[in-house]
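Single-structure report; data block below.
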Amino acid sequence: MITSADLAQIPLFAGVEEAERQRLARKAADIHLVPGEFLTREGEEPRFFLILEGELEVLKNIVGQWRELGRNKAGEFSGETPIFLGTPQIISLRALTPVRAVRFERQQLQELVRDSPSAAEIIFTTMTTRLGMAQEVARATPSSRAYITGSKYDKNCRAIRNFLAANRIQYNWKPTFDQPDDSGHAPLTVDIDRTTLLTNPTVREVIEALGYRTVPKHTEYDVVIAGAGPAGMAAAVYGASEGLRVLIVERFAAGGQAGTSSRIENYLGFPSGISGDELTERALKQAKQFGAEIIVKRNIEALELTHRGYCVKLDGGDLIAARAILLATGVDWHRLEDIPGMAELQGRGILYGASRHEAYGVAGKRIFLVGGGNSAGQAAVFFAGYAAEVVILVRGAGLKLTMSQYLIDQIASKQNIRIEPYTQVTAVEGENYLHRVTTTTRPPDAEEFTQTRDSNALFIMIGATAKTHWLPAELERNPKGYICTGRDLTTWPLDRDPFALETSLPGIFCAGDVRHNSIKRVASGVGEGSMSISFIHEYLALNETPALTTSM
């Protein structure tokens, strides 16, 4: 319990009257931390802290790395700057020693400033000093973690850039025009944090140099989650927060299709909208804070039943024991096949999905979007702020039956977006990079016509494909490869009923877009991922398999 005497120890309260100290003490939270524990984290709701005992380090996440900005010691305070600027918490505070701190809400800080001129002067003088320090930090902060020099024609260079962009790792690229050799590669260097220079590296070598895990820490887990899309990350957050040892295996980039959305405006709790990569970044931080582990650029190649659960085989031969498994692999964009030039130019101006990182490359240009769903609509609205012209190609009559009304209204308000119904891509052209797109329009009441137009970007967002061929043959799927669960199962080996998200193999669950009859929405994936943990708890209790401890 905080008392007036506790507050009197802090220089800020030297000029505050006893009655005011007593009033504020009654509204204060008494916080005790052990070394390594966070008092507050960057991005949280800001609060005003006063340090009674101990020492904390002031940390900021700069381009994916923790950087210490200073120390907070007994008698000092923190948190006033984001409160008065109206922003989330802009730094993290982590205990270096046992710490005792006072926590005030926004209202108490405002009352202190209003009622105590001496405290107000100290607070605003300190805030001014800290803003000056922030300018110095901004000047010294690198804009990127990876500095790439490589050919725009090199497949390996393109693969590295695609991976970095998809995983929200900031990079600078200095393009060269070296022609690739017979293997498709040209001279390539990647400088990581200006400390590690890699020559002709693979994607995996780059991400390992950046400090990302590609090998699991343990050989046994309570739950192994295949896929780090919304469903997989929601499961990781709930599973890890409830004490399960959780591993996520992600073959490319966290976020799935949702991660490539330039703006999601109908997700609950974000009235101004949120980009897919920002939502993904927040979810990843949350999962890691609870102790979930994620490895990237790895594939699960096989699942085998064991006496304690399942054995997960990763590419490269690593074997992991899992008491339960969640399949949350999501789906891939349906591919446009048999179109002249499409295969050769994929990744060279032709992309599946449309992340925010592509905006700078389309500035002032004409771009084409193929698709009539919400993903295409979100991309069109976002790219309209950069591209000179955005052309949406729709196979049907328009957008009414496939797109949310709020996006249709936004598209109608943009003068540089044009919708072309009954239209398909029939050819693409370019030397090493996309330069022209040919489309054919087949209106029901008029003659078809074909036109070829200049363009440097073609974004494809049509339909979805479930790639579940790697799963055991005994795991039931519908004819299109989507995984059956719960009451949709036609075969079930046990006396009890399957759980709602359980597959035909007991202990293997499925959530998100890859599940048969799922609702293809971000919120639905998050809901199914969190629900799956409840069912997994029940399954583990039924099997009476002892939980794994962190010492294993």
Side-chain angles (χ1 to χ4, degrees), residues 257 260-265 275-276 333-431 433-464:
Q257 283 194 6
T260 67
S261 294
S262 51
R263 195 138 202 91
I264 304 169
E265 295 189 67
S275 67
W333 293 111
H334 182 72
R335 303 280 164 163
L336 288 179
E337 306 288 351
D338 302 325
I339 294 177
M342 185 69 69
E344 294 80 3
L345 294 174
Q346 184 178 328
R348 303 178 182 184
I350 297 177
L351 299 168
Y352 289 88
S355 69
R356 291 194 301 171
H357 300 281
E358 307 297 339
Y360 313 118
V362 304
K365 301 174 182 177
R366 174 194 289 132
I367 68 171
F368 289 87
L369 296 170
V370 181
N374 279 4
S375 294
Q378 291 160 355
V381 171
F382 178 73
F383 286 143
Y386 296 85
E389 183 181 15
V390 178
V391 183
I392 304 177
L393 306 178
V394 185
R395 183 190 295 264
L399 304 176
K400 287 288 186 181
L401 298 178
T402 56
M403 188 178 293
S404 296
Q405 187 61 45
Y406 80 93
L407 283 169
I408 295 174
D409 294 341
Q410 290 185 24
I411 288 171
S413 70
K414 303 290 184 181
Q415 294 183 350
N416 60 336
I417 298 180
R418 186 170 74 256
I419 302 166
E420 296 187 359
Y422 306 112
T423 303
Q424 298 174 248
V425 176
T426 48
V428 291
E429 303 172 55
E431 296 180 2
Y433 207 85
L434 178 69
H435 293 304
R436 290 170 295 280
V437 175
T438 299
T439 61
T440 299
T441 302
R442 299 182 176 91
D445 53 356
E447 292 186 7
E448 72 173 52
F449 61 92
T450 296
Q451 54 183 325
T452 299
R453 288 165 283 183
D454 292 339
S455 178
N456 294 98
L458 172 64
F459 299 96
I460 303 167
M461 289 164 279
I462 52 170

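Keep in mind that the numbers below use all heavy atoms, side chains included, and drop hydrogens, waters and symmetry copies.
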Taken to the nearest 0.5 Å, the spacing of I339 CD1 from L458 CG works out to 8.5 Å
*Should we say atom CD of E431 is surrounded by more than 12 heavy atoms from elsewhere, each under 6.0 Å from it?*
no
Q. Less than 4.5 Å apart, any side-chain heavy atom of Q451 and any of T439?
A. yes
Check: residues 361-374 side-chain donor-acceptor pairs under 3.5 Å, at least two apart:
| residue | atom | partner | partner atom | Å |
| --- | --- | --- | --- | --- |
| K365 | NZ | G361 | O | 3.2 |
| R366 | NE | E389 | OE1 | 2.9 |
| R366 | NH1 | D454 | O | 2.8 |
| N374 | OD1 | S404 | N | 2.8 |
| N374 | OD1 | S404 | OG | 3.3 |
| N374 | ND2 | S404 | OG | 2.9 |

CE (M403) and CD1 (I408) are apart, to the nearest 0.5 Å, by 6.5 Å
Notebook entry, point to check: Quick one: does H435's side chain get under 4.5 Å of N456's, heavy atoms only?
Noted result: yes
Residue set satisfying side-chain hydrogen bond (donor to acceptor under 3.5 Å, both in side chains) with T441, at least two apart, ordered chain then number -> T423
Show your reasoning for whether side chain to side chain contact (heavy atoms under 4.5 Å, CB included) applies to Y422 and E448.
-> CA-CA 9 Å; Y422 306 112; E448 72 173 52; over 6 Å; no
Open item on the list: One pair to check against side chain to side chain contact (heavy atoms under 4.5 Å, CB included): K414 and V390. What are the steps and the verdict?
Closed with: CA-CA 10 Å; K414 303 290 184 181; V390 178; over 6 Å; no
Output for pair (R442 CZ, R395 CZ), nearest 0.5 Å, gives 9.0 Å
dist Q424:CD -> T438:OG1 (nearest 0.5 Å) comes out at 13.5 Å
The test is side chain to side chain contact (heavy atoms under 4.5 Å, CB included); show your working for I392 and I411 and say whether it passes.
CA-CA 10 Å; I392 304 177; I411 288 171; 3.9 Å; yes
Rounding to 0.5 Å, atoms CD1 (I350) and CG (L336) come to a distance of 9.0 Å
With sequence neighbours left out, the residues meeting ring-ring contact (aromatic ring centres under 6.0 Å, His included) with Y386 are F382
Flag if over 12 foreign heavy atoms under 6.0 Å of CD, Q415
no
For Y406 and Q378, the nearest pair of non-hydrogen atoms, with its separation, is OH-NE2, 3.7 Å
Minimal heavy-atom distance between G398 and P421, with the atoms involved, is N-CB, 4.4 Å
To the nearest 0.5 Å, atom CG of L393 lies from atom CZ of R418 at 9.0 Å
Residues F459 and A354: closest non-hydrogen pair is CD2-CB, 3.8 Å
Nearest heavy-atom contact between T452 and R436 is CG2-CB, 4.0 Å
